[in-house]
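Here's the structure we're looking at; comments come further down.
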Amino acid sequence: MDKKYDSLNDKQKEAVLYTEGPLLILAGAGSGKTRVLTHRIAYLIEEKNVPPFNILAITFTNKAAKEMRERVDNLIGYGSQDIWVSTFHSSCVRILRRHIDKIGYDRYFTIYDADDQKKLVRECMKQLNIDPKQFKESSIIGSISSAKDKLLTPKKYEKQASDYREEVVAKVYKLYQERLKKNNALDFDDLLVKTVELFKLCPDVLASYQEKFKYIMVDEYQDTNHVQYMFVGLLASKYRNLCVVGDDDQSIYRFRGADIRNILDFEKDFGHAKVIKLEQNYRSTKNILEAANQVIRNNMGRKSKTLFTDNDEGERIDYRCMPDEKSEAAFIANKIITGVEDHGYNYRQYAILYRTNAQSRVLEERFIMQNIPYKIVGGISFYQRKEIKDILAYLKTINNSTDDIAVKRIINVPRRGIGATTINRIEDYAYNNDISFFQALSEVSQIPSISRGAKKVEGFANFILGLRIEMQTMSLVELTDEVLNRTGYIKELEAEGTDEAKNRLENIGEMISKLTEYENNAEEPTLNGFLEEVALVADIDNYNEDTNVVVMMTMHSAKGLEFPYVFISGMEDGLFPSYMSISSGLQEDIEEERRLCYVGITRAKEKLYLMGASARMIRGMTQYNPISRFVREINDELLGLEEYMPKMSEINDAHAKALEQVRKRARPTLREKPYAVKKNVHTMPTPTHLKLDYGVGDIVKHMKFGIGEVMNIAPGGADFEVTVNFPSAGIKKLMARLANLKKA
DNA sequence: ACGACTGTCTCAAGA
DNA sequence: AGACAGTCGT
C-alpha cells in the first residue's frame, strides 16, 4: 500500500480501509475528517480499483466539494473529475435535469431561492384572502418546508391537518405547489423531494443510479434532514457501501429539519454498521479544546466522545465584557491592529463570528474607520442583491418566460409607468385564461380594462421578444449589456450618484465579470447553463482563505472552517443563546444553541476571544443582557479573567449594579419581551427567585403546546426544570422561569 | 384614476 | 434593507 496512508493515525486509517458495508465515522471537531474522506476516496480508486465514476461524495457546500476534488487530485493525480462530489442540491439538480420529465415536469425548470419563494407564497396568501397579520408568511413557509421534508404532498398534508392553522397552511401549500408548477419552477426543498419522488416512481432510474454509485460518502451527516436521508438511503440500499461522517455535537440545523436521530440511530437503520470514533483533535490548543468540552458536556443525549489533543496548552481564553457593542467592535479592531503591526500576523488569520448577521454592521463600520480589510460572508449574498436579482430576472425572462415571478420583478424596473393596478389586471386575465403572465402581456390589447397602460406593456413585451431573437447572435455579456443599456438601468444608477448607487454599479460590473468568466470556461456556454450554475451558489462558496482580509460570518457559516485567532462577538443571554431559544422554554432549543457555541469555539486554533457587551442596541432597542450562560459554563481558570478583569462574581455584581441604575430611571411598563427594552424605557430581566403556583399532577397551559400534565419538577440552578406531558406535543422538559406555565 | 414618492415597521440561523 | 400604507402629482 502506498505510504501516503501512513501519515494517518490508527483510527483514521481504520476508517479509510473499511470500505465495504455501512460505516459511521464519528468525527470530533478538528479530528481530520476531510483528510480521512479524501484518503478514503484515493484508497478506493488506487488500491481497490473502484472506477471514479462509481463514487458519490456529498458535501455541505460547493466550496467543500471543490476542495475535496482538489485534494483527491493531489493525492492520486488523476480521475477526480469523474467522481461526483457535490452538495445534495446540486446532485439532485443534475439528476432531475435528465429525468424529471418522467414525473411530468419540464426539464428546463428554474430554481426559486428564498426570495422568490417568499414572493410566491405571499401571492398565494393574497389570492386566498389570508390575513398576513394572523398568519405570518415566514411561519407558513416554515410549515410548508417541513411538510416537504416529511414528504407530505399537499393532499396528504390536508388530510392530516388537525387544526385551523394547519388547514390554512394546507390551502396555501396546495396553491403554492400549483403555481410553482405553472411557473415551471422548483424551490430548494423540491429539488430533494422531486428526486426522491422520481426514485420511487421510476425504479429503473433508481436502479441505474444505484449501479452507478456503488460507494457513497456523506459529510456533515448530523445536519441531514429526513428527505436527504431518504435520498441517500434509496441510493445506498443496493450495495450498502455507505459511509457517513458526522459529529452529533455539531448538529446546528435542527431548525430547518436536520434530524439528529439520523446520526444517533444510524447503527439501527443500517444493520451491522461499523462505528469509528475520531477523537484526537489536531486543530486547537488544549485550553480551547477544554473550554469547548466544558460547554458541550452540559448537553444531554450525546454519543459518548471525549476529544483530546497533543497540541500545546496555549493561551487562556480571553473573556471581555465591554460597555456596548461599539466598544466591543473597537476592542476587536485594536486587537487585530496590534497583532498585525506588532506581531506580524496576517489579517486572514483572524475571524469574527457571531450569532446573527445583523451584528456585522457595527463591526463593519469600525473596520472601515480603522482601515482594516475585511470580508463579510453571508447576510445578503451577492446573488441576493437587488441589482443582481434584477439582471437575473431579465435573463430568466428572456430564457424562459413562464417564470411569472421573474417577469413581474422587472416589468416595471426601471420605471416604465406600469403600476400595481395594471399588473393586477394582467394577472386576473392570465389566471382566467389559464396562460402565463408573460403570455398575457402579448395579449394586452384584448384586456378591456387596460387602456392607458397597454402601450407600455406592449413595449416591454416586444423588448423582451426582440432580445430573444437577438441573443442568437450575441454572447451572454453582450446580451446583458444590451439589457442594461436599453432599459436605462445603468443610466438611472449613474444619475443617482449616491454611494449606494455606485456600489450597485460595482456589483453589476462584478456580475459582468462572472458572465465573462463563465463564457470563457464553460464547454458550451448557454444562458440556461449560467442561470443554473448561479442558482445554487452559497455565499460561503465565494470565500477564499488566501485573500488577506479579516473574515466575519455567523457561526453557522463557519462550520467546517478554522482560523488561528477567533473572536466570538455577543456572548450574552438573549443574543447567544438567542431570545427565541430561551423563551421557548425547551431544553432542546438551548442545546442546539450550545452546539452552535461548541462549533464556534472549536473554530479557533491558537487563541479565542469571547466578547460581550453590557448594553447592546438591537433593532433600535437597547438591551441589557446578562453574560451568556455558555461563558459561565467555562471554568474561571480557563478564562484569563484575573489578568484583565474582576472575578466572574464581581462581573455579575457590576452587571447587577448597572441594571439597578437603569431600573431607577425606568418607568414601570408592561413589556412584551423580557430583555427587549423600548427606546429609553429600561427594564430588568425576569427576577431569578420564583415560586411556582403549580405542582406535580397539576394541569398547566403553555403558549405553544397548550394543555398538559406536570409529571416532575426538579431544581436546576436558579430555576426549576418542569417535565410536562402534552397530549398534542408529547413529553417536554421546560425551564419554569421561561416557559411561563399557567395553572389551568 | 393611476403611478410615484415618503414614512413606518420589522428582522435568527441557510442551500 | 425591503414591504406596505398613505399621500402627492399628473
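Only heavy atoms go into these numbers, but all of them, side chains included; no hydrogens, no water, no symmetry mates. Sequence lines set the chain letters: A, B, ... in the order given, protein chains first and strands last, and positions in each chain run from 1.
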Taking only residues two or more places apart in sequence or in another chain, which ones pass salt bridge (Lys or Arg N to Asp or Glu O under 4.0 Å) with [X]?
X	result
A/Arg385	none
A/Glu137	A/Arg122
A/Lys63	A/Glu67, A/Glu545

If the cut-off is 4.0 Å, is [X] near the phosphate of [N], judged by side-chain N/O to OP1 or OP2?
X	N	answer
A/Ser581	B/dA12	no
A/Thr422	B/dC2	no
A/Thr421	B/dG3	yes
A/Arg254	B/dA13	no

- Answer yes or no on whether A/Lys559 is positioned over the face of A/Phe60, meaning its NZ or CZ is under 6.0 Å from the six-membered ring centre and within 45° of the axis.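 Geometry flag: set, cation within 6.0 Å and 45°.
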
For [X], all residues meeting side chain to side chain contact (heavy atoms under 4.5 Å, CB included), sequence neighbours excluded:
X	value
A/Glu492	A/Pro414
A/Ala558	A/Leu353, A/Met553, A/Arg603
A/Ile411	A/Ile418, A/Ile423, A/Phe437, A/Leu441, A/Phe460
A/Lys119	A/Asp115, A/Ile405, A/Arg409

Close N or O pairs between protein and nucleotides 4-7 of chain B (under 3.5 Å):
| from | atom 1 | to | atom 2 | distance (Å) |
| --- | --- | --- | --- | --- |
| B/dA4 | OP1 | A/Gly417 | N | 3.4 |
| B/dA4 | OP2 | A/Asn412 | ND2 | 3.3 |
| B/dC5 | OP2 | A/Arg415 | NH1 | 3.4 |

- Item | Nearest listed nucleotide, side chain of A/Thr87, among B/dG14, C/dG2, B/dA15 |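 From the listed options, B/dA15 comes nearest.
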
- Between atom CD in A/Gln228 and atom C1' in B/dG14, what is the gap in whole Å?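 For the pair A/Gln228 CD and B/dG14 C1', the rounded distance is 12 Å.
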
- Find the distance A/Leu575:CG to B/dA13:P and express it as a whole number of Å.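 It works out to 11 Å between those atoms.
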
- Task: Just jot down the side-chain hydrogen bond (donor to acceptor under 3.5 Å, both in side chains) partners of A/Arg97, sequence neighbours excluded, or say none.
- Result: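 For A/Arg97, the residues satisfying side-chain hydrogen bond (donor to acceptor under 3.5 Å, both in side chains) (neighbours in sequence not counted) are A/Glu532.
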
- Item | C/dC4 and B/dA12, which share atom name C1', separated by this distance in whole Å |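 Roughly 23 Å separates the two C1' atoms.
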
- Note on the structure: 5' to 3', nucleotides 3-10 of chain C under a 4.0 Å protein heavy-atom cut-off (B base, S sugar-phosphate only, - none) gives SS------

- Task: Enumerate the residues from residues 352-362 of chain A whose closest heavy atom to DNA chain B is under 4.0 Å, giving them by residue number; use none for an empty result.
- Result: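 Residues of residues 352-362 of chain A that come under 4.0 Å of DNA chain B are, in numerical order, A/Arg355, A/Thr356, A/Asn357.
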
- Message: Please verify the inter-ring angle class for A/His556 with A/Tyr253; under 30° counts as parallel, over 60° as perpendicular, anything in between as tilted.
- Response: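 Ring orientation, 0 to 90° scale: tilted.
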
- With A/Tyr176, which residues qualify under ring-ring contact (aromatic ring centres under 6.0 Å, His included), at least two apart?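 So A/Tyr176 forms no ring-ring contact (aromatic ring centres under 6.0 Å, His included) with any residue.
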
